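Below is one structure, written out as structure tokens; comments come after it.
Small disclaimer: the values here were computed from a predicted structure and weren't measured.
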Amino acid sequence: MTTAIPLEPDTALDEPILDNPAWSSLTGAHAHLAIGNELVKRYPDDVSPFTGVRSWSDPDVWDAVIDVFGPGAVVSVSNADPELPEGWAEVSRGAGVQLIETDRLQPTPFDEAVELDADDVEEMLAIVARNQPGPFRPRTHELGRYIGIRRDGRLVAMAGERLHPEGWTEISAVSVDKEHRRQGLASRLVLDVAFHIRERGDRAMMHASATNVNAIAGYEKLGFHLRKRTAFLSVRAPQ
């Protein structure tokens with residue numbers, strides 16, 4: 001039996017940089033991909049929808065968002081729930097959780113896993129479309145190391161790295177086709193990705209939809225722990 005994820009975040013797991021992981025990534029490990037200004041940065045559209053904002057409390061931040069995305073654009077907001085100024089509209093909202101590794105996590109290489117790259121993009125996009133783990137675009141694989149499992153030549157499972165806030169790496173795009181579930185593939189891929197994250201001296205983190213209770217319980221069993229609950233929004237800029 002898996003242990004249910006705690007109802008409240010563990011205050012002992014305080015890592016302030018993880019309150020703003022996209023900004024840390026776009027001003028650090030992913031600075032070469034960043035588009036924007038001193039207050040707001042984003043990834044190219046074909047890489048990721050994530051937006052990095054230095055501080056939502058800055059009085060100039062909303063004008064800076066428009067400067068980066070343009071009037072009328074739909075903008076992703078994660079790990080924040082800012083009050084929208086007049087003229088802005090909420091398009092969608094979802095509840096999420098942020099998980100971080102604990103000393104219970106035992107990262108382990110998975111010999112069957114193969115590294116994926118630009119030659120595998122079509123298959124990577126297809127497995128994401130089948131399993132819907134979250135945003136994945138034609139150049140998302142450039143954000144970090146991605147691995148997969150092939151059976152009879154077909155990509156049936158995948159996981160990889162996304163955001164890279166300082167000292168941390170996010171594990172993302174965990175996907176296993178329905179007919180290959182309950183074989184431990186997702187767990188073994190996550191542990192392999194975590195192994196290589198630790199080899200670089202980083203620690204592993206994850207985000208998940210709060211409604212995906214089975215996946216959250218599985219990650220908690222592996223050695224991840226709830227750090228915080230968060231909102232994932234999309235908002236529309238005024239014309």
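- Judged by distance alone, the side chains of Ser234 and Ser76 never bring a donor and an acceptor atom under 3.5 Å apart.
- When all heavy atoms are compared, the tightest approach of Ala64 to Asn37 is O-ND2, 3.3 Å.
- Residues that satisfy the side-chain hydrogen bond (donor to acceptor under 3.5 Å, both in side chains) test with Asn20, not counting sequence neighbours, are absent from this structure.
- One finds no salt bridge joining Asp192 and Arg188 here, because no Lys/Arg side-chain nitrogen approaches an Asp/Glu carboxylate oxygen to under 4.0 Å.
- Residue pairs meeting the ring-ring contact (aromatic ring centres under 6.0 Å, His included) criterion with at least one member in residues 166-206, sequence neighbours excluded, do not occur.
- Between Glu123 and Arg150, at least one side-chain nitrogen of the basic residue sits less than 4.0 Å from a carboxylate oxygen of the acidic one, meeting the salt-bridge criterion.
- Contact of the Val53 side chain with the Ser55 side chain is not registered, since no non-hydrogen atoms from C-beta on lie closer than 4.5 Å.
- Rounding to the nearest 0.5 Å places CZ of Arg162 at 6.5 Å from OG of Ser48.
- Formation of a donor-acceptor pair under 3.5 Å by the His225 side chain with backbone atoms of Leu99 is not found in this model.
- Using a cutoff of 4.0 Å between basic side-chain nitrogens and carboxylate oxygens, Glu112 and Arg151 are scored as salt-bridged.
- For the atom pair CE (Met158) and CG (Asp120), the distance works out to 10.0 Å, reported to the nearest 0.5 Å.
- One hydrophobic cluster holds both Val190 and Val156 under the rule that ILVMFWY side chains link at heavy-atom gaps under 4.5 Å.
- Interatomic distance, Leu189 CG to Phe110 CZ, rounded to the nearest 0.5 Å: 6.0 Å.
- Salt bridge Arg145/Asp117: absent, no basic N to carboxylate O contact under 4.0 Å.
- The aromatic rings of Phe136 and Tyr146 sit perpendicular, their planes meeting at an angle over 60°, well past the 30° parallel limit.
- With a 4.5 Å cut-off on side-chain heavy atoms, Val114 and Ile147 do not count as touching.
- For the pair Leu84 and Ala89, the tightest heavy-atom approach, listed with the atom from each and the gap, is CD1-C, 3.8 Å.
- Side-chain N or O atoms of Glu101 include one that pairs as donor or acceptor with a backbone N or O of Ala204 at under 3.5 Å.
- When only modelled atom types and interatomic distance are considered, His164 and Glu170 share no side-chain donor-acceptor pair under 3.5 Å.
- Arg198 and Pro107 get closest at one heavy-atom pair: NH1-CD, 3.4 Å.
- Seen from the ring of Phe232, Arg93 does not count as a face-on cation partner, given the 6.0 Å and 45° thresholds.
- Pro82 approaches Val77 most closely through the heavy-atom pair CD-CG1, 3.8 Å.
- Between Pro21 and Asn79, the closest heavy-atom pair is CG-ND2, 3.6 Å.
- Once rounded to the nearest 0.5 Å, the distance linking CD1 of Ile216 with CZ of Phe224 reads 13.0 Å.
- Judged by distance alone, the side chain of Thr108 and the main-chain N or O of Gln106 form a donor-acceptor pair under 3.5 Å.
- The shortest distance between side-chain heavy atoms of Met206 and Val174 falls below 4.5 Å.
- Put simply, Ile127 and Ile171 are part of two different groups of oily side chains (I, L, V, M, F, W, Y) that touch within less than 4.5 Å, one to the next.
- Expressed to the nearest 0.5 Å, how far CG of Asp19 lies from CD1 of Ile17 amounts to 10.0 Å.
- Pairing each heavy atom of Ala157 with each of Val176, the nearest pair is CB-CG2, 4.0 Å.
- Once rounded to the nearest 0.5 Å, the distance linking CD1 of Ile149 with OG of Ser175 reads 12.5 Å.
- With a 4.5 Å cut-off on side-chain heavy atoms, Val68 and Lys41 do not count as touching.
- A salt bridge does not link Arg137 to Asp46: none of the charged nitrogens lies less than 4.0 Å from a carboxylate oxygen.
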